[in-house]
Asker: 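Quick one: the structure is below, and I'll ask about it shortly.
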Amino acid sequence: MSITTLERPLAGNDGDDGDRSADGHAETAAAPPAPTHIPSKEGIEVGPRRRLRESTLDERFNILGALVAGPTVATLLFGWFTPLTGPIGWVVVAFLAFIGFYILLVSLRSDREEVKDRVLTVLLISAGTILFGALAFVVVYTVGRGSVALPHLNFFTETMQLAGPLDGLDVGGISHAIVGTLIQISIALAITIPLGITTAVFLNEIGGKFARFVRTISDAMTALPSIVAGLFVYAAVIQLITHQRSGFAASLAISVMMLPIIIRASDVVLRLVPGNLREASYALGSTRWRTVWSVVLPTARSGLVTAVILGTARGIGETSPVLLTSGITAVMNLNPFEGPMISLPLQVFDFVKSPEPNIIARGFGTAAVLILLVLLLFIVARLIGGKGAGQLSDRQRRRVAQRSVDDLRRMTVERYVLTPTPTKEPQK
Amino acid sequence: MSEDKSFESLTDLHDALNRPTSVKVPVERVFAPEVGGEIFDANSRKRHPATATLTDQPEPTNHRDAVKRSLRSRPSQSDSIFKGVSLTAGVTTVSIMLAVGIFLSLRASDALQVSGINFLLEQQWSPETGQFGIASVIFGTFTIAIIAMFVGVPLAVGTALLLSEVVRGPIRSFLVSLVDLMAAVPSVVFGLWGLFFLQAAVIPVSAWISTYFSFIPIFAVEDGSGARLTEASAFTSSAFIAGIVVGLMVVPTQTSVMREAFSQAPMGEREAAFALGSTRWGMIRTVVLPFGRGGMIGGVMLGLGRALGETIAVYLIISPIFTINWEVLKTGTNSVSALIALRYGEASQFGLSALMAAGLVLFLITLVINFTASSIVARSRSGAETS
């Protein structure tokens, strides 16, 4: 109705509503369609497309000038004009001088609002640079100092059983810690994956008052400091039951720490499964279990895998629960229930307490191995996950399309064409 | 909590379907002819013309007397097993977690009964003589965490704004996953870096601050008699250095919470601000920051919770003392988790119970902080939705 009125503003106002709209329809139907004109480009000069985000020469020179002036001032202050020393101090002074010069340069041509805007953008970029620079520096520093130990192949194949503190890097290695980490994290995953994902399914699919209670408790447990998890296992399991530190106790401590993380992450992933998929499944008459197994879990699979891998990365790197529970050893121990079993983070911690440079180099080497392991897990998680529930890759989409074509074929062609059917549709 | 609702409504729907309806409507049998006008006989694969239509269907006379069919379906075997298994998982999870809490409280109560209120006031830690309390370690824990916040929060807010407002396209998603990666870097690696690199680099800065700002009491570095210390050894292993390292460790957590809150600021308001001639900073100040305030506070508090519980990096860097040290640049501080890592090995049963009491206090503090944070984040999120 309103569209009709809009199209025909000059339509007669004397009739009542119904009349007018009927009129309108009749007239639009009768009128010849208005021809669409494409304006000709003849004789119109079209310049090159302007790039809106590009900075002007002026802006670039402002940045460049400030970038040159800041460090120069800092260098003059450090050692020339004043007795300031230290690399961090130099960086701080250079940065402050850079900001000052930049404000000065921008304010030559712009008003206050624009100066504020530009300075803030520069500040935001510097915050990001500092953060990512620090991350890169931590990783590069560790791997760099560990690179003394890493080229020795025995570092990965031998244990520290026969290596004394004064031995060179060509003796001894951390194979016992690598194996220990793998065993401990495997046991922890064997506990947390089924328990954590089933609990998350319970929170999402069953629901109710008790589920809300479970969610509150597991949220509360994410606040549990990891050292307290270790202390709990130390007092409740080691002191009361096993009376010795073991890999299994360490796995329990890691599990207590990882379980709330995995529950929370899986809970978030399962929440993202679109409700209409579930409803479609219920509408087709499937049971709740069928819906969970065939619709909810496959849809959320990549997210769940990512949640588990990220939880694993956290669990592998956590030192404090292991510190209290696994015990320190220099020999290979393949039995998680008997005797101490060291893991990578604890081995790092143990190595760097030594004053010997070779042992410290081993510590950095172990830390580098740990970082590379976490990095590997992280990259795998990103390759698998990184997509929301229900978002398919090209291959998956093709497979799904193929499957529905097959279904369609099964339901129509094979049923009605390949078998004799009545020749004529019944007339109405 | 709004997500909860949509979801629970689905399970509620399922329950409601299985429940007998409260409105007493007689359920009649539905014939295919009434619906489609055709009977589809699957067995013969033939279509018959409709034999009857709704109008000429004689009214069933006995439908009032028909036995009422219950709409509640008996759960299938697989369904009841599924329900049982997932309920068991929920119960197991809760019981593990409650076991941790109850066990800690029970064991801690032994020590708390002996020390009473002094547990919060006493600075020394010698459970064997009955003289123990967490005043100094809690003070150290908060000192380190607050310094970490001073380091971390500006970085986190800046990076979160950078990621949500400035950077675009593939670079943004790369940087976002880099932040996630940073959250997964093991704390012992940060500890190593702090111990072997940062400490040496920060000492001149500490010395400079203490020289020029010693009129502010917390920046002064003095020995027992009040004489100013200037040698490098007075500045090692301080709360300041530990705070910087812990601050870098909690930035990723804070950044990801804040970025999420900032990116939820509504597009309409952003564009309105730009249309009124605002610069980007003007838009951020008037739209993004007010909308993201809850997320900012929540992110800061979540980071604070993590900073309070951090163990290994702190333990590697600090040199533990059991007195309250106001001079944050000076050697010596302590934290609850470092205390546990330091003393658990040689502790007697009673000493262990005292350590558990300390751990319990730390747990309660982080619990309160986390719950406050998540309720603030949740409220800010729902606020952004309604606007």
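The sequence lines fix the lettering, A, B, ..., with proteins before strands; numbering per chain opens at 1. Note that the structure is a prediction, hence the values are computed from the model and not measured.
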Asker: With a 4.5 angstrom heavy-atom cut-off, which part of Y344(B) approaches chain A: side chain, backbone, both or neither?
Answerer: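 Both backbone and side chain.
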
Asker: Contact part of F196(B) toward chain A, heavy-atom cut-off under 4.5 Å: side chain, backbone, both or neither?
Answerer: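 Contact with chain A: backbone and side chain both.
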
Asker: To the nearest 0.5 angstrom, please state how far the CG atom of D79(B) sits from the OG1 atom of T287(A).
Answerer: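 Nearest 0.5 Å value for the CG-OG1 distance: 4.5 Å.
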
Asker: Heavy-atom cut-off 4.5 Å, strictly under: side chain, backbone, both or neither for V85(B) against chain A?
Answerer: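 Contact with chain A is through both the backbone and side chain of V85(B).
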
Asker: Which region of L155(B), side chain (C-beta onward) or backbone (N, CA, C, O), has a non-hydrogen atom less than 4.5 Å from a non-hydrogen atom of chain A, or is it both or neither?
Answerer: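 Backbone plus side chain of L155(B), per the 4.5 Å heavy-atom cut-off to chain A.
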
Asker: Please work out which of the three classes, parallel, tilted or perpendicular, describes the rings of F137(A) and Y141(A), given edges at 30° and 60°.
Answerer: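 Geometry flag for F137(A) against Y141(A): tilted rings.
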
Asker: Quick check on T222(A) against chain B: is it the side chain, the backbone, both or neither that has a heavy atom closer than 4.5 Å?
Answerer: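 For T222(A), the contact with chain B is made by backbone and side chain together.
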
Asker: Which bit of V201(A) is near chain B, if near means a heavy-atom gap under 4.5 Å: side chain, backbone, both or neither?
Answerer: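 Just the side chain, heavy atoms under 4.5 Å.
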
Asker: Checking L367(B) against chain A: side chain, backbone, both or neither under 4.5 Å from a heavy atom?
Answerer: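 For L367(B), the contact with chain A is made by backbone and side chain together.
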
Asker: Let me know if T92(B) has heavy atoms under 4.5 Å from chain A in its side chain, its backbone, both or neither.
Answerer: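 T92(B) touches chain A through side-chain heavy atoms alone.
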
Asker: Examine whether an atom of P260(A) lies under 4.5 Å from a heavy atom of chain B, and if so say whether it belongs to the side chain, the backbone or both; otherwise answer neither.
Answerer: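 Looking at P260(A), backbone and side chain both touch chain B.
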
Asker: Pick one of side chain, backbone, both or neither for V91(B), based on which atoms fall under 4.5 Å of a heavy atom in chain A.
Answerer: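 Contact with chain A involves both backbone and side-chain atoms of V91(B).
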
Asker: Relative to chain A, which segment of A183(B) carries a heavy atom at a distance below 4.5 Å: side chain, backbone, both, or neither?
Answerer: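 The backbone, not the side chain.
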
Asker: Measuring heavy-atom distances to chain A, does V251(B) have an atom under 4.5 Å in its side chain, in its backbone, in both, or in neither?
Answerer: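 Side chain of V251(B) only, per the 4.5 Å heavy-atom cut-off to chain A.
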
Asker: Donor-acceptor pair, S353(B) side chain versus Q349(B) backbone, under 3.5 Å?
Answerer: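 Between the backbone of Q349(B) and the side chain of S353(B) there is no qualifying donor-acceptor contact (under 3.5 Å).
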
Asker: Between R290(A), K116(A), K353(A), E318(A), who has the most heavy-atom pairs with chain B when the cutoff is under 4.5 Å?
Answerer: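 Option with the greatest count: K116(A).
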
Asker: Please look at I369(B) and chain A and tell me whether the side chain, the backbone, both or neither of the residue comes under 4.5 angstrom of a heavy atom of that chain.
Answerer: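 Neither part.
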
Asker: Without hydrogens or angle criteria, can the side chains of S255(A) and T192(A) be said to hold a donor-acceptor pair below 3.5 Å?
Answerer: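 There is no such pair (donor and acceptor under 3.5 Å, judged by atom type) between the side chains of S255(A) and T192(A).
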
Asker: Measuring heavy-atom distances to chain A, does S78(B) have an atom under 4.5 Å in its side chain, in its backbone, in both, or in neither?
Answerer: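 Its backbone and side chain both get close to chain A.
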
Asker: Contact part of F103(B) toward chain A, heavy-atom cut-off under 4.5 Å: side chain, backbone, both or neither?
Answerer: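 Contact with chain A is through the side chain of F103(B) alone.
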
Asker: Given heavy-atom pairs under 4.5 angstrom as the criterion, report whether the side chain, backbone, both or neither of L104(B) touches chain A.
Answerer: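 For L104(B), side-chain heavy atoms alone lie under 4.5 Å from chain A.
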
Asker: Measure S218(A) against the heavy atoms of chain B and call it side chain, backbone, both or neither at under 4.5 Å.
Answerer: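 Both backbone and side chain.
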
Asker: For T255(B), is it the side chain, the backbone, both or neither that has a heavy atom under 4.5 Å from a heavy atom of chain A?
Answerer: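 For T255(B), the side chain is the part near chain A, not the backbone.
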
Asker: Is there a side-chain contact between R278(A) and V296(A) in this structure, where contact means two heavy atoms from C-beta onward sitting under 4.5 Å apart?
Answerer: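 They are in contact (side-chain heavy atoms under 4.5 Å apart), so the answer is yes.
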
Asker: Take R118(A) and E114(A) through the salt bridge (Lys or Arg N to Asp or Glu O under 4.0 Å) test and state the conclusion after the steps.
Answerer: CA-CA 6 Å; R118(A) 299 237 174 267; E114(A) 195 171 343; 3.2 Å; yes

Asker: Is it the backbone or the side chain of T198(A) that comes under 4.5 Å from a heavy atom of chain B, or both, or neither?
Answerer: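 Looking at T198(A), backbone and side chain both touch chain B.
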
